[in-house]
Amino acid sequence: MSQPLMVSATIPGPSPAMASRWQYLDNVRRHTGPFTDPDMFDTSEAAVAQIEKMKILVIGAGGLGCEILKNLALSGFKQIHVIDMDTIDVSNLNRQFLFRQSDVGKSKAECAAKFVEKRVKGVSITPHNCKIQDKDEDFYMQFTLVICGLDSIEARRWINSTLVDLVDEENQDSLKPLIDGGTEGFKGQSRVIYPTITSCIECQLDMHAPRAAVPLCTLATIPRQPEHCIEWAHIMAWEQEKPFPKLDNDDPEHITWLYKKALARAQEFNIPGVTYSLTQGVVKNIIPAIASTNAIIAASCCNEAFKIATNTNPSLGAQENYMMYSGNDSIYTYTFKHEKKDDCPVCGNLARGLDVDPNLTLQEFIDSLAARPEAQLKKPSIRAQKTLYMQSPESLRLQTAPNLDKKIGDLVSNGDEIGVTDPSLGRVDFKYKLRFTSDFVSKDKLTTNGDAN
Amino acid sequence: MLKIWSMKQKQQQDANADAAAGTRKKKVTAAQLRVQKDLSELALPSTMKTEFPDPDDILNFNLSIEPDEGMYKGGRFHFTFVISQNFPHEAPKVKCTQKIYHPNIDLEGNVCLNILREDWKPVLNLNAIIVGLQFLFLEPNASDPLNKEAAEDLRSNREGFKRNVRSSMGGGTVKNQTFERVLK
Ligand SMILES: [Zn+2]
């Protein structure tokens with residue numbers, strides 16, 4: 001990969017023709033069109049100004065994130081937050097166009113925010129240089145909608161379940177539309193999720209092809225490609241020799257060690273093509289990124305965000321909710337409705353409120369579950385954050401059996417969630433959110449520390 | 001935004017769902033719930049046992065296999081299961097904790113089982129993996145070698161391979177490698 005030519009390290013200021021910048025956008029917002037929903041569309045000044053008050057969260061400031069931030073700012077959104085824990089690598093510069101050579105090593109979220117703020121007057125972009133998991137529900141609660149430009153399925157699953165859990169029937173602001181973009185080479189998708197209402201990321205997990213893995217025995221005995229040699233160094237040579245206590249994908253010394261191992265193995269098998277950057281790519285599972293695919297998918301995501309925010313046109317969501325794009329063979333797009341799954345462990349399975357007397361023993365509680373009409377349990381296993389009682393496997397049953405005589409109030413707290421599984425339920429399982437029907441004072445606590453709280 | 005909310009309200013009337021009240025507390029993750037489900041459906045034969053160093057952490061456990069037939073009969077083999085929060089999108093990481101002589105398990109304990117890697121799918125469950133591991137002891141497979149010498153040995157001289165397996169299981173030395181004693 002050759003380095004792109006860096007033209008300038010200074011960020012040009014806003015253009016003088018500021019007033020005209022929003023002209024076409026304003027036309028769309030102030031005039032009804034053939035597709036506007038008369039019940040929802042409002043051309044009043046107050047409604048038009050609404051977009052400026054909405055807080056939008058962008059997750060990821062990489063290839064997609066740079067495009068998304070730029071597009072949102074140019075679509076009239078004024079209060080944008082961006083979260084990304086990564087720092088800028090020199091290899092990002094060919095497509096992550098908000099970054100310059102002098103930014104290498106700095107926070108992606110901070111550099112992207114600074115660049116867009118400078119270019120688009122009046123927009124505020126708040127960077128968060130951390131993991132999405134570092135933020136709590138109150139943080140996510142402040143946004144009107146969330147747009148993801150991520151390359152990790154794990155992070156998508158996390159934000160998805162967080163937004164599903166956020167939904168509170170008493171509070172309509174708790175429902176945050178989630179717009180998710182993803183690309184891989186010439187392919188990509190954009191989708192809109194209304195948490196708890198429409199099919200979620202977890203429902204759609206089968207749309208992600210698992211990473212193509214090569215059998216271990218191929219790596220061990222008959223490598224044929226440079227990637228096989230790198231995987232071998234990564235999985236087997238590292239484990240065997242442990243040159244450092246723990247592999248850090250971002251430590252150049254560690255990648256160099258793997259690169260040298262892989263190169264030696266490639267030479268042994270006469271395989272050309274092992275390079276340092278390929279080693280980094282395989283180890284960090286970097287998927288091939290094409291700038292124009294990112295631009296197309298980010299544009300689609302931001303169009304949906306604009307339509308959801310302004311009601312100017314129908315958006316992806318309630319009916320069709322998934323747009324797949326492929327540029328592999330000329331161009332192809334297909335938009336369809338991905339159905340919500342009743343047995344989805346995240347959204348098909350919202351925790352139901354369950355009243356329980358904390359003075360019951362776990363055994364009595366399990367017996368009472370069997371009588372509930374939706375449950376009809378024969379051999380229920382129950383976990384909260386801790387394992388309360390597992391019927392199987394035998395070792396776990398023996399370890400957890402002493403809990404059966406303990407009181408519910410000693411095992412869990414009011415408001416905790418429990419998961420109930422039972423082989424007789426087939427694919428369905430239950431989550432309950434416990435509501436204690438009376439106060440509970442633990443006898444143990446009274447006798448051990450005399451503190452009744 | 002109102003539009004979505006009216007859909008939500010309609011859905012609620014339709015479903016007549018109980019409202020969950022109170023402050024938000026600790027949640028059960030999708031990965032944990034799925035592992036709980038897989039474990040509660042596990043029907044282990046007497047030749048296999050699980051062990052949970054921390055019963056509250058069901059994402060990390062050990063499995064022992066005591067084959068009652070085949071060349072590895074009489075041994076007790078230990079595996080660790082490490083399951084990530086990305087389960088079932090990602091397969092569990094399974095390793096043999098002993099140094100054993102087996103064509104599909106290398107000296108570091110890596111296991112060559114297709115459903116642990118290239119053929120893993122989220123519809124597969126822990127039971128499928130455990131059955132697969134058991135099968136490796138009943139039918140070691142020379143065509144997917146992870147320990148090349150053992151595979152070659154099995155392919156060229158089955159009787160000799162059997163003798164080497166017995167000797168390795170007793171803690172003996174095979175082809176300059178000393179193995180761990182795994183006999184019960
Ligand atoms: Zn779902």
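Chain naming here is simple, since letters A, B, ... match the order of the sequence lines and numbering starts at 1 in each. Worth knowing before you read on, the calculation uses all heavy atoms, side chains too, and leaves out hydrogens, waters and symmetry mates.
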Honestly, the part of Arg383(A) sitting under 4.5 Å from a heavy atom of chain B is both

Honestly, the part of Pro103(B) sitting under 4.5 Å from a heavy atom of chain A is neither

Bottom line for Lys431(A): the part with an atom under 4.5 Å from chain B's heavy atoms is side chain

Cut-off 4.5 Å, heavy atoms of chain A, and the answer for Val123(B) is neither

*For residues Asn171(A) and Asp168(A), is any side-chain donor paired with an opposing acceptor at under 3.5 Å?*
no

Using the six-membered ring wherever Trp is involved, compare the ring planes of Phe139(A) and Phe143(A) and label them parallel, tilted or perpendicular (cut-offs 30° and 60°). perpendicular

Bottom line for Ser161(A): the part with an atom under 4.5 Å from chain B's heavy atoms is neither

- Query: Looking at Asp355(A) and Arg435(A), does any basic side-chain N land under 4.0 Å from a carboxylate oxygen?
  - Reply: yes

Q) Is the distance between the ring centroids of Tyr72(B) and His102(B) less than 6.0 Å? A) yes

Interatomic distance, SG@Cys200(A) vs CZ@Arg157(A), rounded to 0.5 Å, equals 10.0 Å

Turns out that what part of Ile382(A) lies under 4.5 Å from chain B's heavy atoms comes down to backbone

Most contact-rich option vs chain B, by heavy-atom pairs under 4.5 angstrom, among Met236(A), Glu202(A), Lys379(A), is Met236(A)

When rounded to the nearest 0.5 Å, the distance separating NZ of Lys176(A) from CG of Leu163(A) is 8.5 Å

Per-residue tally against chain A (heavy atom, under 4.5 Å) across Gln36(B), Gln32(B), Glu118(B) peaks at Gln36(B)

Of Ala151(B), Ala30(B), Ala31(B), Gly109(B), the largest count of non-hydrogen pairs under 4.5 angstrom with chain A goes to Ala30(B)

Applying a strict 4.5 Å limit to non-hydrogen atoms, the region of Asn86(B) in contact with chain A is both

Looking only at Leu107(B), Leu44(B), Asp54(B), Thr50(B), most heavy-atom pairs under 4.5 Å shared with chain A are made by Thr50(B)

Cut-off 4.5 Å, heavy atoms of chain A, and the answer for Lys93(B) is neither

Honestly, the part of Gln240(A) sitting under 4.5 Å from a heavy atom of chain B is both

So, the part of Glu51(B) with a heavy atom under 4.5 Å from chain A: the answer is backbone

Whatever's closer than 4.5 Å to a heavy atom in chain B on Gln391(A) counts as neither

Could you tell me how the ring of Tyr101(B) sits relative to the ring of Phe179(B): parallel (under 30°), tilted (30 to 60°) or perpendicular (over 60°)? perpendicular

Scored by heavy-atom pairs under 4.5 Å with chain B, the best of Gln50(A), Glu239(A), Gln399(A) is Gln399(A)

